[in-house]
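Worksheet: one structure, shown below.
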Amino acid sequence: MTQGTDRSRAFSTLVLLAALLLLPAALTAGPPPDPLTETVAALQRDALASSRAWEVLESLTVEVGHRFAGSSGDRAAVAWAERTLRELGFENVHTEPVTVPHWVRGEASGETLSPFPQAMELIALGGSVGTPDEGISAEVLEVGSLGDLEALPEEQVRGKIVFVNQQMERTRDGSGYGTTVAIRGRGPVVAAGKGAVAVLIRSVGTGPQRFPHTGGTHYDDEVPKIPAAALAIPDADVLEAQLRHGEPVRFHLRLTSRTLPDATSANVIGEIRGRERPDEIVLLGAHLDSWDVGTGAVDDGAGCAIVTATARLIGDLPRRPRRTLRVVLFANEEFGLSGARAYAEAHAEELPRHVLAVESDLGAGPPWRFGTRWAPEARPVAERIAAWLEPLGVELSEDEIHGGADLIPLAPARVPVAELPQDASRYFDVHHTANDTLTQVDPEDLAKNVAAYATLAYAAAEIPDSLGPAPEVERRQGR
Ligand SMILES: [Zn+2]
């Protein structure tokens, strides 16, 4: 007893001493942190300690799985999202109908017939027509890029299966995708324009895994629609090596893909209403659809989980932010941005009151960069937010950004946009493959994303300054 009292007395003396020692420092350290900074710090702490995003992602990938536009998984995902947002206590939860294309993959197979017969891992590109039932057999013509293909005389291409063998570069910002993806989108039109009978591409992806990468392709009415497939990277290597032998390589391709009549899907929306200016919207977007392989955990289940957990976390604050946070889980991003276009149309009248839009659609790696496209006069707000993001390892980007694909239709209304992209170094190893599953996601990185998105979303919903209008952008090509 006595000993304890002595100890507590000694402790009190120490505390007093420490307080006296720290007093001058406290007097010179400037004002205490402002309430906004304190709230942001609390949000970050709570986000890093929470597993909510992981739980949402697990629920989506386990209970629904993949959810390609028009499929039964798509319908299940819409029901799942509506239910989940309600269960999490969002307000104004509802769906908005979206007409989507309905392409069905069917089966895909391919093999080299000569000089060395080998079965190949390949996958139809989204939207591809099928081959005749017996498949197509033809000699392979390899090109290094679409530019090389465009430069070839028609007689060299006619009747061939064109193999576009362009390698995608691994980069942290995912820019390797942007410089390569045209082989997938435009390969069939360019090849058909030269008389080719089918197209094979090296998968637009990275890594040595033997999973072919799908993704949307396009046709136009000027040239025949020819079947198109992507080879897994190791299989593209084998085909390339066979071609190096110098003898003609014959290939057999069979696809049973087909397009059905349009289907109906939906954007799913839920809100955390603002306390003071509920009509002003901070849009937090991700796309609910995925390709029809894997479970869409990385693309874009992670984004759905991040924005949902972010809005919920901010809604749990003792005092809500000034403006409304609106979570929008877009329908069919992957095969034509149908949900994004439908949203921009349905909410056209309201777009001037969208104070910021941000989309998470680059997987589940750690966040590392923060970029904006908003009024130049609001640059100090970006700098202020960047200072809050710094402890999370996120740096302010000077580059011009576009925001997520689903935000493209908001650009004509000059809605301010921001980006908090994930580190994409490994993203394209699994992107659009059967290997895109929950196993690829690190729960800690997911929580870090919520901390970063919550910082940005809270700031945009609370700081009274206007961020808009965003500078005008030239309309981007394609979909
Ligand atoms: Zn995506």
Side-chain angles (χ1 to χ4, degrees), residues 47 50-88 90 93 95 100 105 123 126 205 207 209 211-215 265-268 270 284-313 327-335 339 359-367 404 406 422-424 426-450 453:
S50 166
S51 56
R52 188 179 279 133
W54 176 263
E55 287 153 15
V56 169
L57 181 56
E58 184 184 64
S59 169
L60 174 60
T61 55
V62 171
E63 295 164 35
V64 178
H66 63 66
R67 43 200 181 274
F68 186 58
S71 68
S72 58
D74 186 18
R75 287 188 292 281
V78 168
W80 170 90
E82 198 178 2
R83 187 172 70 237
T84 299
L85 292 177
R86 272 190 219 288
E87 281 171 7
L88 287 171
F90 280 80
V93 175
T95 61
V100 296
R105 176 172 303 287
I123 191 166
Q209 295 82 7
F211 291 96
H213 299 237
T214 189
S265 182
N267 292 329
V268 185
L284 300 175
H287 66 84
L288 185 57
D289 66 307
S290 74
W291 279 100
D292 54 338
V293 290
T295 61
V298 171
D299 184 14
D300 184 25
C304 294
I306 289 165
V307 297
T308 300
T310 292
R312 186 59 267 167
L313 184 73
V327 169
V328 183
L329 304 180
F330 289 99
N332 188 35
E333 183 271 347
E334 296 290 6
F335 196 41
E359 178 171 36
S360 177
D361 185 21
L362 202 56
D406 286 310
Q422 288 79 14
D423 183 325
R426 290 178 48 246
Y427 177 61
F428 291 98
D429 291 3
V430 300
H431 182 250
H432 297 182
T433 72
N435 206 20
D436 177 355
T437 62
L438 191 61
T439 308
Q440 303 294 336
V441 178
D442 177 333
E444 279 180 31
D445 284 345
L446 204 59
K448 227 183 229 183
N449 276 288
V450 177
Y453 276 78

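Basis for what follows: all heavy atoms, side chains included, without hydrogens, waters or symmetry-related copies. What you see is a predicted model; the values in this text were computed from it and never measured.
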Over 12 non-hydrogen atoms of neighbours within 6.0 angstrom of CD in E63: yes
Residue pair D445 / G365: nearest heavy atoms and the distance that separates them: CB-C, 4.2 Å
Side chain to side chain, P367 and K448, heavy atoms closer than 4.5 Å: yes
CG (L313) and OG (S50) are apart, to the nearest 0.5 Å, by 6.5 Å
Could you check if a side-chain atom of D300 sits within less than 4.5 angstrom of a side-chain atom of F330, using non-hydrogen atoms only? no
Scanning both residues in full, the closest heavy-atom pair of I123 with P212 reads CG2-CB, 3.5 Å
With D289 via side chain to side chain donor-acceptor pair (under 3.5 Å) - residues at least two apart: H287
Going by ring pair (Phe, Tyr, Trp, His ring centres under 6.0 Å), name the residues that satisfy it together with F428, two or more places apart in sequence or in a different chain. Y177, H431
Just to verify, what does T433 make a side-chain contact (heavy atoms from CB on, under 4.5 Å) with, not counting sequence neighbours? F211, H213, V430, N435
Between the CG atom in D299 and the CG atom in D436, the distance rounded to the nearest 0.5 Å is 6.0 Å
Report the residues that fulfil salt bridge (Lys or Arg N to Asp or Glu O under 4.0 Å) with D292, sequence neighbours left out, ordered by chain and then residue number. R105
Just to verify, what does H432 make a ring pair (Phe, Tyr, Trp, His ring centres under 6.0 Å) with, not counting sequence neighbours? W291
Is any side-chain heavy atom of L362 less than 4.5 Å from a side-chain heavy atom of Y427? yes
Between A311 and L284, which heavy-atom pair has the shortest distance, and what is it? CB-CD1, 4.1 Å
Apply side chain to side chain donor-acceptor pair (under 3.5 Å) to N267 and list each qualifying residue two or more places apart in sequence or on a separate chain. none
side-chain contact (heavy atoms from CB on, under 4.5 Å) against D429, all qualifying residues, sequence neighbours excluded: R170, T206, Q209, R426
Interatomic distance, R312 atom CZ to F90 atom CZ [nearest 0.5 angstrom]: 6.0 Å
I'd like to check the side-chain contact (heavy atoms from CB on, under 4.5 Å) partners of T95; sequence neighbours left out, ordered by chain and number. V78, E82, A266, V268
Are the side chain of S71 and the backbone N or O of D74 linked by a donor-acceptor pair below 3.5 Å? yes
Test of understanding: with side chain to side chain donor-acceptor pair (under 3.5 Å), list the residues that count as partners of Q422, not counting sequence neighbours. S360, N449
Are the side chains of T310 and I306 in touch, meaning some heavy atoms are under 4.5 Å apart? yes
Starting at CZ of R67, measure out to OG of S290 and round the result to the nearest 0.5 Å. 4.5 Å
Would you say V64 and T295 make side-chain contact, with heavy atoms under 4.5 Å? no
When you compare the side chain of E333 with that of L288, does any pair of heavy atoms fall below 4.5 Å? no
Sequence-distant partners of W80, side chain to side chain donor-acceptor pair (under 3.5 Å), two or more places apart: S59, T84
Would you name the heavy atoms of V298 and A302 that are closest together and state the gap between them? O-CB, 3.8 Å
Starting at CG of L85, measure out to CG of L329 and round the result to the nearest 0.5 Å. 5.5 Å
Just jot down the side-chain contact (heavy atoms from CB on, under 4.5 Å) partners of A53, sequence neighbours excluded, or say none. A305, A309, L446, V450
Side-chain donor-acceptor contact under 3.5 Å, N332 with S265: no
Taking only residues two or more places apart in sequence or in another chain, which ones pass salt bridge (Lys or Arg N to Asp or Glu O under 4.0 Å) with R52? D316
